[in-house]
Number of protein chains: 2
Amino acid sequence: MAKTVEQIAKDLNLSVTTVRLVLSGKAEQYRISVKTQSRINEHVERFGYTLNHSARSLKLNKTETLGLIVPNISNVFFATLAEKLELRCRRSGYQLMISCTYNDVDYENKLVKALMARNVDGLFIVPSTLENQQHHLRQIQKPLVLLDRDFGFTDNALVESHNEAGGDELARNMLEECKTPLWFLVGDTALPSITDRLNGYLQALKTAGIHHREWVIEGPDNTPEGGYALMDSLIDSQGVPQAFIASSLPVLEGAIEALRKRTGTVPQHINIGTFDEHPMLGFLPNSVWSMQQDEDTWAEKAFELMQRAIDGEAVNETAKVDMKLVKRSRQ
Amino acid sequence: MAKTVEQIAKDLNLSVTTVRLVLSGKAEQYRISVKTQSRINEHVERFGYTLNHSARSLKLNKTETLGLIVPNISNVFFATLAEKLELRCRRSGYQLMISCTYNDVDYENKLVKALMARNVDGLFIVPSTLENQQHHLRQIQKPLVLLDRDFGFTDNALVESHNEAGGDELARNMLEECKTPLWFLVGDTALPSITDRLNGYLQALKTAGIHHREWVIEGPDNTPEGGYALMDSLIDSQGVPQAFIASSLPVLEGAIEALRKRTGTVPQHINIGTFDEHPMLGFLPNSVWSMQQDEDTWAEKAFELMQRAIDGEAVNETAKVDMKLVKRSRQ
DNA sequence: TTGAAAGCGCTAACAC
DNA sequence: GTGTTAGCGCTTTCAA
């Protein structure tokens, strides 16, 4: 099916060099005769030609392929990020290979190995843990851009949201409308992004002259189950809250479910804040504040850092992407 | 960095064949001496070895890579499907390349070309239109598994949900609890999966002895905007509905937004049905029936068909995957 | 302007 | 049990 350069050359009684030069648009530069050019072009027109990437990769030792490793893509933030990043990469001729770790630290290392074996030109990774991150930094002798989680202990290229500023802005805005305690349900403070959100919230409290560290309800899991447990214990100890913030969408899902289980419904007067925007937040009858991450800018920044690393630069920047508050008012 | 087989052979004063045989676990079979084996194994232990996929691909004319083309992965159904399929493929040593068309028919064709140039061993595609499908069938001389949409005019391998049965079951169940008109909001009947859902619904009406074709509200767009318009016009002509089904989640999102805009809230007594399950459906204060698609089975079936096609079989089956009703009751 | 040839790392066929 | 070698399709260097 796919004609090779050599085949074309043979068909036309030309050398591979000649054919290559016109195929790669260098015809003018090497002053190939117009007649030869058109003979080649016609042949390609008729029989087609598709470059064999494997051969090219073998020769040049680069695949024009990049890897992306995220926890999972059923999470809409990572899905959107993957989408945008794939688009951006393709725009520059790179194919993106998307893989999910499902928060399995061993599987994450396996994925890295698999992608390295396929000789990707670079890797975008959302590391699960500090240990994973350090492992990758040692293992991967290729351009690497870390995403979402700044575990520290590295000056590698990294892109993340401005979570602290986001937490601050979210809490500030909610405090303006909520007189009652503004609880903060945190799943998994081992994740730096979550901790930053918490710190932003605490900062906002401080600015408002409030000092209620006990408004923070912490748990180990950044999941619906984790969120359920948090809300459950909050209701146990304090009754149904009047206002709360969830540290992420999965936590919110669990928290809402707990509210429904415990109170039979989601009381409309509760003011709800959350990180990560989602159209289905509009399903809640409540006023909802959500902190949206800007995946377009993420993709742009991440690719730019990758490109520079591929070009040989020692990239050690951390790009912080601004978040945006979205408010849905109960009517 | 990555040692080549030849390098290892030279270091150890052996031939490439010997090294290859032990690396590929054929040492016993070819009765390589234990001593030679351990020399090789030790060397690999110390210096490592990573197979060069590009070279292998070039030689064998296969990449152990598969392509997946879906409309987008911010849609949670396609995201989950992509996730499951990636897992399944990796389990058999295949890397999956996930790409999104964003419903752009020309871009879809470009993606196919790009993946073919990278010499994928096979392609999973959710075609946007019949024309696209036919184009692919002509263009792609590789194993191909169509997903989600049976446009007809082909006996190619295909996996889809049992949408008609799903529509029937969903409507039946809702009719048991809803005396009032059960509206059906349909976005884009050009999509066969959507039409099947509609037909299932009509079948359920018929079985119940109801003949109200006018309960179907049709529009051109399977999107939130489309759903908004549908609900908007329904309220205009019939007032706020007591029960309705949305043909997909995006349509539901728009419909809910219209309800909120028009009535100031989402009236809790409305019974809501929808296709595609999502945890955030629990955010609605209403009773909600949702028809869940079984992505695990999809992935399993799709990969099985692909595997058989790769093995040279002329696969022309259509696999229909059962859907499952999920009910959330208002309390 | 065009041609010839080496070599990327692997596999497989064949030799001893 | 082990060794040699051709060739996959491309890029690049050197020649003519």
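Letters go in sequence order (proteins before strands), and every chain restarts at 1.
Using a 4.0 Å cut-off, no side-chain N or O of B/Tyr30 falls inside it from OP1 or OP2 of D/dG3. The side chain of B/Tyr49 contributes an N or O atom lying less than 4.0 Å from OP1 or OP2 of C/dC10. OP1 or OP2 of D/dT11 lies within a sub-4.0 Å distance of a side-chain N or O belonging to A/Arg20.
Using a 4.0 Å heavy-atom criterion, one finds that A/Thr36 contacts the sugar-phosphate atoms exclusively. Residue B/Leu60 is classed as a sugar-phosphate contact, given heavy-atom separations below 4.0 Å to backbone atoms only.
The backbone N or O of B/Glu313 lies less than 3.5 Å from no partner atom in the side chain of B/Asp311, so there is not a single donor-acceptor pair. When atom types are taken as modelled, the side chain of B/Arg56 and the backbone of B/Leu51 share no donor-acceptor pair closer than 3.5 angstrom. At distances below 3.5 Å, at least one donor-acceptor pair connects side-chain atoms of A/Arg39 with backbone N or O atoms of A/Leu12.
Counting to the nearest Å, the C1' atom of C/dG9 and the CG atom of B/Leu23 are 13 Å from each other. Atom NZ in A/Lys59 sits roughly 15 Å away from atom C1' in D/dG7 (whole-Å rounding). Distance CZ (A/Arg56) to P (C/dG7): 21 Å, rounded to an integer number of Å. Atom CG in B/Leu14 sits roughly 11 Å away from atom P in D/dT4 (whole-Å rounding). As rounded to whole Å, 15 Å separates atom C1' of C/dG3 from atom CG of A/Leu12. The nearest whole Å value for the distance from the NZ atom in B/Lys10 to the P atom in C/dC10 is 13 Å. Summarising the geometry, the separation between CG on A/Leu21 and P on C/dA4 is reported as 14 Å, rounded to the nearest angstrom. For A/Ile8 and D/dG9, the CD1 to P distance is 12 Å, given to the nearest whole Å.
Listed nucleotides: D/dC10, C/dT11, D/dT11. Nearest to the side chain of A/Val5: D/dC10. Of the listed nucleotides (D/dT5, D/dC10, D/dG3), D/dG3 has the atom at the smallest distance from the side chain of B/Ser15. Counting only heavy atoms from C-beta on, B/Thr18 has its side chain closest to D/dG3 among D/dG3, C/dA5, D/dG9.
For B/Ser33 against D/dT2, a side-chain-to-base donor-acceptor contact under 3.5 Å is absent. Donor-acceptor pairing under 3.5 Å, judged by distance alone, is present between the side chain of A/Thr17 and the base of C/dG3.
Remark: B/Arg46 does not engage B/Glu42 in a salt bridge, criterion side-chain N to carboxylate O under 4.0 Å.
A/Leu85 pairs with exactly one of A/Thr80, A/Val70, A/Ile98, A/Leu68 by the side-chain contact (heavy atoms from CB on, under 4.5 Å) rule, that one being A/Leu68.
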